[in-house]
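Written out below as structure tokens is the structure these notes cover.
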Amino acid sequence: MCANSYDLDSSKEIEKYLDSILSKRSIFKNRDALRPDFIPDFLPHRENELKRLSEIFAPLLLSSKPSNALLFGKTGTGKTASIKLVSKIMLQKAREKNINFIASYINCRLEGTEYRILSSFANSLNLQVPFTGLATEEVLKRITSYLQKVSTNVLLILDEVDTLVKSYGDDVLYELSRINETFSNSRLALVVISNDISFKDFLDPRVLSSLSEEEVLFKPYTAEELKDILNARVELAFNENVVSKDVLNLVAAMSASEHGDARRALNLLRVAGEIAERRGSPVITEQDVKEASLKIEEDQVFEISRTLPLHSRLLLAALLIFNQNNQVPSSGELFTKYKSLASNLGIQELTYRRVSMLLNELEMLGLIQSKVQNMGRHGRTRKMKIATPLEPIRKALSSDVMLAQFITK
DNA sequence: CTTCCACAGGAACCAGCGGACC
DNA sequence: GGTCCGCTGGTTCCTGTGGAAG
């Protein structure tokens, strides 16, 4: 009985809540237009780059071998969007004219290893390859003999290739860049995208010369350019008069100061929209934008800390304890603290060497910050501290049953 | 000027897993 | 069923180093 009336009440509550949401006119027309994987048909301020790219790869549709290309630029400068747009249009053209054409997009950071990149490539060619068990060279061999057999034109896009090169070297790039020599019936053009120009230093000169037959540089957007991009996207994403000029300027200015990253600007706008929507407001205010900016950072920190592996979380907890007492520990002191937490929980602690690597990873994630300090006779050490707001970290760690006991309010 | 600390971080190696292939 | 493979997540061993103390 009791449970029943409870159910009744809460279902009424939910209904009321849903009604109130549905009755409100959403400020969004198409929320997805602000998502990072959305590829618009119009990319402002990338006209030159788009033209270059289509010139470079047009020969593929005439079944002749085009140059390989190297695309550079910081994150959020439109590299991925541009090449995806070009390949999308090439695909349409190829279909119209009945030409064999495959565009294969692979993100090297997400795939992670040489083997997975090649097997993902194979799968995109409709060539089934087991996800483990084969030698990497075997996968490559299967790909080449398949391409020899089917006779097609392939645009292979390797995004964020710097992460691959830094941990595995350029072997795969070398093989792929000369893959055309091994078959005569197909053509393959390689597009390599990197956030980091210095990655060229890691390449063998032969690989470099083959990859950089064409180079396209993507400059960061200025605040003015960001405004145009936002404007174009606001029309797709929001209903009329939701985003004022002032708000748009603010978003553009905030993002331009963060290296002209369009992806982040769009994300900021989306989150600000969601905040306004939840508030029941018909328009986005500057306050919403500021709140959104804070929320984005805090959510990121929370999510990263929550999903860290056990020993990294232990390290973070140890550092949090120091920071809460306004202490900035050395790496050695932090290690000692970490060991005591671990033994407290009956967990086998890792070696100092490994811990040192985990700390580096935490620093790469932007969670912690270290400063080398020389103490002469007393050696050299890194002073460690948390580099983000403490609250989301505290929240993430105390939601962990095991760690909660160490985290004080 | 030399010494020497408290680490940083590279290199090589290992165990265990899931899986392919013959 | 034995041998090979890639990959993760470690360990062991080692060399390198800035600058205050001596």
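None of these values were measured; they are calculated from a predicted model. Lettering follows sequence order; numbering is per chain, from 1.
Following rounding to the nearest Å, Asp171(A) (CG) and dG6(C) (P) show an atom-to-atom distance of 12 Å. Atom CE of Met357(A) is separated from atom C1' of dG10(C) by 10 Å (rounded to the nearest Å). For the pair Met384(A) CE and dA6(B) C1', the computed distance is 14 Å after rounding to whole Å. Look at CZ on Arg116(A): it is 18 Å from P on dC5(C), rounded to the nearest Å. Atom CD of Gln348(A) is separated from atom C1' of dT11(C) by 12 Å (rounded to the nearest Å). Atoms NZ (Lys371(A)) and P (dC7(B)) sit 17 Å apart, rounded to a whole Å. Rounded to an integer number of Å, the gap from CG of Leu308(A) to C1' of dG9(C) is 15 Å. Here dC7(C) presents its P atom at 11 Å from CG of Leu164(A), a figure rounded to the nearest Å.
If you run side chain to side chain contact (heavy atoms under 4.5 Å, CB included) between Thr182(A) and each of Leu140(A), Ile143(A), Thr144(A), only Thr144(A) comes through. Of the listed residues (Leu320(A), Leu341(A), Asp400(A)), just one forms a side chain to side chain contact (heavy atoms under 4.5 Å, CB included) with Phe406(A), and that residue is Leu341(A).
Partners of Ser312(A) under the side chain to side chain donor-acceptor pair (under 3.5 Å) rule, at least two apart in sequence or in another chain, do not exist in this structure.
Using modelled atom types and a 3.5 Å distance limit, the side chains of Asn323(A) and Arg394(A) yield no donor-acceptor pair. For Ser120(A) and Asn123(A), the side-chain atoms include no donor-acceptor pair closer than 3.5 Å. Side-chain contact annotation: Asn267(A) with Arg270(A), donor-acceptor N/O pair under 3.5 Å present. Using a 3.5 Å distance cut-off with no hydrogens or angles, the side chains of Ser82(A) and Glu49(A) do not pair a donor with an acceptor.
Between Phe335(A) and Tyr352(A), the ring-plane angle classifies as perpendicular under the 30° and 60° cut-offs.
Taking side-chain N and O atoms only, Ser330(A) has a distance below 4.0 Å to OP1 or OP2 of dC7(B). Here Thr381(A) does not reach the OP1 or OP2 of dA6(B): none of its side-chain N or O atoms lies under 4.0 Å away. Within the 4.0 Å cut-off from OP1 or OP2 of dA8(B), at least one side-chain nitrogen or oxygen of Tyr352(A) is found.
Residue Glu137(A) qualifies as open at atom CD: its count of foreign heavy atoms under 6.0 Å is 12 or below.
The Ser331(A) side chain lies nearest to dA8(B) when the options are dT8(C), dA8(B), dT11(C). Among the nucleotides dC7(B), dT11(C), dT8(C), the one closest to any side-chain atom of Arg354(A) is dT11(C).
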- prompt: Taking protein heavy atoms under 4.0 Å as touching, what does nucleotides 11-22 of chain B look like 5' to 3' if B marks base contact, S marks sugar-phosphate-only contact and - marks none?
  reply: -------BBSS-

task: Quick one, give me the B/S/- string for nucleotides 16-22 of chain C, reading 5' to 3', where B means a protein heavy atom under 4.0 Å from the base and S means that only happens at the primed atoms, P, OP1 or OP2.
output: -BBBBSS

